[in-house]
There are 2 protein chains.
Amino acid sequence: MGEPKLPKPTESELGILRVLWARGPSTVREVHEALADGGGYTTVLKLMQIMTDKGLVVRDESQRAHVYSARASEQRTQRQLVTDLVERAFGGSPARLAMQALSTKRTSPEELAELRKLLDAMEGEP
Amino acid sequence: MGEPKLPKPTESELGILRVLWARGPSTVREVHEALADGGGYTTVLKLMQIMTDKGLVVRDESQRAHVYSARASEQRTQRQLVTDLVERAFGGSPARLAMQALSTKRTSPEELAELRKLLDAMEGEP
DNA sequence: TTGCATCTACGAACCTCTTCGTATATACCC
DNA sequence: GGGTATATACGAAGAGGTTCGTAGATGCAA
């Protein structure tokens with residue numbers, strides 16, 4: 001009963017979802033304009049129609065210009081993508097992915113502090 | 001001049017690379033047998049031929065059964081995949097990916113300690 | 001040498017994803 | 001109403017990835 005399993009979004013679909021997360025419910029035109037390199041208008045339209053079929057977005061048809069919203073939250077989708085990558089490339093160890101991520105680039109002191117808090121919480125509550 | 005940029009491996013290609021990283025240089029047969037669900041023998045062969053063209057693996061043809069090796073290390077490939085995901089889904093913040101990864105599953109005390117060491121090192125050396 | 005097992009090479013079919021042209025409906029303005 | 005702008009719907013083409021059948025080469029054993 002929890003949430004239905006949504007398919008993993010493709011590259012282009014993820015781009016559209018990012019716009020929807022940032023802007024909230026939006027029309028095809030709005031998404032198309034927000035997307036710098038999203039291709040032509042009908043391309044974005046088609047993608048969003050397909051995403052509707054897949055259940056990645058929901059469509060409100062009460063207006064002439066349909067309004068689309070992301071079905072899964074950004075965080076939930078991130079969790080899905082991370083879990084997938086952990087399985088496929090990190091032998092199932094999220095910690096190894098985390099370390100790889102941190103070694104990659106510089107991270108701000110604020111984020112470091114947050115990470116430390118997270119570690120504390122994880123140790124405190126086995 | 002550093003290393004040539006290799007393409008991002010696809011799903012199936014990553015499965016083959018994982019075998020090569022684990023086993024070291026291997027023949028098609030060995031990879032095929034290590035892959036539980038890798039499809040038929042010729043499927044694996046074809047994939048590895050394509051991977052050779054792409055430069056993902058190198059092929060030693062001195063034996064009748066060619067011997068393939070991964071061209072990029074596991075770590076380098078992991079870095080590539082992580083960087084890609086960070087850009088596509090985490091707004092370029094590796095720390096946010098790391099936190100998402102850690103929130104996902106339980107992590108062993110050993111790994112937690114390693115992460116802590118990594119954080120210490122990052123704070124020590126701005 | 002003949003036959004069998006095993007290997008590579010190649011091409012075709014199929015699927016998904018992406019892209020776009022075109023057709024059609026709808027609102028709005030004059 | 002007529003024309004224009006803007007929507008959706010649909011189909012088709014192309015690119016990339018996956019799968020596999022079949023053909024042809026090679027090594028080996030009897």
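Residue numbering restarts at 1 for every chain, and letters A, B, ... go by the order of the sequence lines. Heavy atoms only: backbone and side chains are in, while hydrogens, waters and symmetry mates are out.
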*May I have all residue pairs that pass ring pair (Phe, Tyr, Trp, His ring centres under 6.0 Å) and include part of residues 76-122 of chain B, sequence neighbours excluded?*
none
_Output the rounded distance in Å from NZ (A:Lys46) to P (D:dA13)._
13 Å
*Would you mind reading off the distance between B:Met51 atom CE and D:dT19 atom P, rounded to a whole angstrom?*
13 Å
*Main-chain N/O of A:Ser73 paired with A:Thr77 side-chain donor or acceptor, under 3.5 Å*: yes
*Measure from CE on B:Met48 to P on D:dG17 and round the result to the nearest Å.*
17 Å
*Separation of D:dA15 P from B:Ile50 CD1 (nearest whole Å)*: 16 Å
_Taking only side-chain N and O atoms of B:Thr10, does any of them lie within less than 4.0 angstrom of OP1 or OP2 on D:dG16?_
no
*B:Leu14 versus B:Pro9, closest heavy-atom pair with distance*: N-CB, 4.2 Å
*Starting from P on D:dG17, measure out to NZ on B:Lys8 and report it in whole angstrom.*
11 Å
*Would you say the side chain of B:Arg71 lies within less than 4.5 Å of the side chain of B:Val57, judging by non-hydrogen atoms?*
no
*Expressed in angstrom and rounded to an integer, what is the separation of B:Leu35 atom CG from D:dC20 atom P?*
13 Å
*asked:* Using a 4.0 Å cut-off to any heavy atom of chain B, which nucleotides of DNA chain C are the first and last in contact, reading 5' to 3'?
replied: C:dT6 to C:dG11
*Report the residue (A:Gly39 or A:Arg64) whose heavy-atom-nearest nucleotide on DNA chain C is the more 5′ of the two.*
A:Gly39
_Side-chain donor or acceptor of B:Arg23 paired with backbone N/O of B:Arg18 under 3.5 Å_ = no
*Distance in angstrom units between A:Leu45 CG and D:dA12 P, rounded*: 18 Å
*Have a look at B:Thr43 and say if it touches a base, only the backbone sugar-phosphate, or nothing, with a 4.0 Å heavy-atom cut-off.*
base
*Please report, rounded to the nearest Å, how far the C1' atom of D:dT19 is from the CD atom of B:Glu11.*
15 Å
_Test item: A:Ser93 side-chain N/O and A:Gly91 main-chain N/O as donor-acceptor pair under 3.5 Å_ = no
*Mapping B:Gln49 and A:Ser12 to their closest nucleotides on DNA chain C, which lands nearer the 5' end?*
B:Gln49
_Can a donor-acceptor pair be found, under 3.5 Å and without considering hydrogens, that links the side chain of A:Thr27 to the backbone of A:Glu30?_
yes
